[in-house]
Amino acid sequence: MQTLKGMFDIIDERPYYALIRKTIESVAAQFHVKKIETPLLEATELFHRGLGDGSDVVRKETYTFEDRGKRLITLRPEGTASVVRSYIEHKLYALPQTDQSFYYEGPMFRYERPQKGRFRQFYSAGFERFGSASPAADLEVIQMAHKVVTQLGLEVTVEINSLGTARKNEYIDALKAHLKPHLKELCPDCQARFETNPLRMLDCKIDLENSAFLSAPAPEAFLSQEEAVHFEAVKNGLSHLKIPFIVNPKLVRGLDYYTQTVFELKVSESLLGQQNTVCGGGRYDLLVKELGGPDVPAVGFGFGLERLVVALKALDKEVKDLSLDVYIVVLGPVFNEALAVATLLREAGFSVKVHPQEAPLKTQFKQVEHEKAHFALIIGEEEIKSHVYPLKDQVHGGEQKVQADQLIHVLSSHGDAHAK
RNA sequence: GCGGCUGUGGCGAAGUGGUUAACGCUCCGGAUUGUGGCUCCGGCAUUCGAGGGUUCGAUUCCCUUCAGUCGCCCCA
């Protein structure tokens, strides 16, 4: 038996996930963002309406099936649609707080061919902010994303672009009109994208140098006056926040709901290969309405946790795993006494493991070493009689005899023991 | 969905159409019955991802399949 294709058990990587989640939590707290948890399963329709029927994610990557009541349901492929659904369902827009933010973290599912930093069940975390159309909202959202990755110790490039809103379709039409005469010169992928996802053509790695692309209209030309001002304000604001960025006119996001500002955070390809986008986001001013809510603007982003993990590992970033304070080595049939001591120490806040059966000291001390225990405490029949235990400090070296009633005191006096 | 590469013990890794599948690490036991890390001795793959085929004989050749990996599409 083994995991399904593209699925994985998190064991050795747990500390990385813990670190990332903790970092996200602390940044969220700084911005007073509440956590929201939504179900993994949603009505299929939510994603069709939210992400767009034409998007690849919906067309061929969702885990969709009928439940026993013949309802068509889908394992969520991303987080935003669910959060928006929740926002509308609970009429959060009617709350007196008009500017509301949420963050989420959890598993997402996409039926794709796995590769580096890409899986069928993967974990993402995201922030969503509802109620403000101001560039300041965009700025804080980008700042949060940037803060999370820099706090993790990763160097990222921030790329931004603006797709516009009102004239987004007009831009797409112009782009198609421009490229249509050149269609035959383009790669097969682009010919397909011409119909399914024209904006994506701009991102093509093959036709990069094609003259038709070089002369293609830029999205910026199709921004309304107001949107152009908004985009300028975002760029300006990033400079004020001292967040370096580059404007990438070819940056288009894969999901249909994005409007106006879009951005991605990328790490060096040397860390992640081609899947080097660790965070993507932008505005989705029409989505709330599209999903049946009022006309509420919103902006957000999502992280791919696996990609952050891969990047952190590539950097040899040290992460702390759970540490063990005391390993109790037993000599002879002394389990009751050993467990009693362990119980006392645990109640005092130490993490303690007891060797579970009699074994040669050599074997037990090897375990002490493998467990990276701070202290080894030896309990045998002599100790039980005398109430004095040998205590070895595995970190600083040395062994001392400690009176039973002094144990907690001695352990606590060590600064890096983990008593709470 | 498409293409390249890979698949040998817990991990890393050699190898060959023919009888006992190297080696390193880890692990287990002992030298050393109350103090590990060094050293020495001994042990640990009825089996080479799975299924089928060719063959007197397959881990080795062929087919299929599964999985991993890298890239494309797409995306986090």
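Because the structure is predicted, anything quoted here is derived from the model rather than measured. Proteins get letters first, then strands, A, B, ... in listed order; numbering begins at 1 in each.
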Can you list everything that forms a side-chain hydrogen bond (donor to acceptor under 3.5 Å, both in side chains) with [X]? Sequence neighbours excluded, please.
X	result
Arg21(A)	Glu105(A)
Arg120(A)	none
Glu78(A)	Tyr257(A)
Lys35(A)	none

Item checked: Contact state string [nucleotides 27-36 of chain B, B base, S sugar-phosphate only, - no protein heavy atom under 4.0 Å] -> S-SBB--BBB

Check: When the distance from CD of Glu371(A) to P of G37(B) is rounded to whole Å, what number comes out?
Finding: 18 Å

Check: Roughly how many Å is it from CZ in Arg76(A) to P in A76(B), rounded to a whole number?
Finding: 15 Å

Rounded to whole angstrom, note down the [atom1] distance from [N] over to [M].
N	M	atom1	value
G53(B)	C11(B)	C1'	34 Å
C48(B)	U59(B)	C1'	4 Å
G3(B)	G12(B)	P	28 Å
U8(B)	U47(B)	C1'	9 Å
G1(B)	G15(B)	P	35 Å
G37(B)	U32(B)	C1'	14 Å
A58(B)	A50(B)	C1'	15 Å

Item checked: Near-strand residues of residues 107-117 of chain A, defined as heavy-atom separation under 4.0 angstrom from RNA chain B -> Arg110(A), Glu112(A), Arg113(A), Gln115(A), Lys116(A), Gly117(A)

Next item on the list: Could you list the residues that satisfy ring-ring contact (aromatic ring centres under 6.0 Å, His included) with Phe31(A), not counting sequence neighbours?
Entry: none

Within the structure shown, what part of the strands sits under 4.0 Å from [X] by heavy-atom distance: base, sugar-phosphate, or nothing?
X	answer
Phe119(A)	base
Ser124(A)	nothing
Gly281(A)	nothing

Check: What residue pairs, at least two apart or across chains, pass ring-ring contact (aromatic ring centres under 6.0 Å, His included) with a residue in residues 38-66 of chain A?
Finding: Tyr63(A)-Tyr111(A)

Please name the nucleotide paired to [N] by Watson-Crick or G-U wobble geometry with both distances under 3.5 Å, or report none.
N	value
C44(B)	none
U20(B)	none
A13(B)	none
U69(B)	G4(B)

Side chains of residues 148-156 of chain A: which donor-acceptor pairs under 3.5 Å do they make with residues two or more places apart or in other chains?
unit_1: Thr150(A); atom_1: OG1; unit_2: His146(A); atom_2: O; d: 2.9
unit_1: Thr150(A); atom_1: OG1; unit_2: Lys147(A); atom_2: O; d: 3.2
unit_1: Gln151(A); atom_1: NE2; unit_2: Ser26(A); atom_2: OG; d: 3.3

Next item on the list: Look at the rings of His355(A) and Tyr327(A) and say which category their plane angle falls in: under 30° parallel, 30 to 60° tilted, over 60° perpendicular.
Entry: tilted

Notebook entry, point to check: Could Glu140(A) and Arg129(A) be called an ion pair, given the rule that one side-chain N must be under 4.0 Å from one carboxylate O?
Noted result: yes

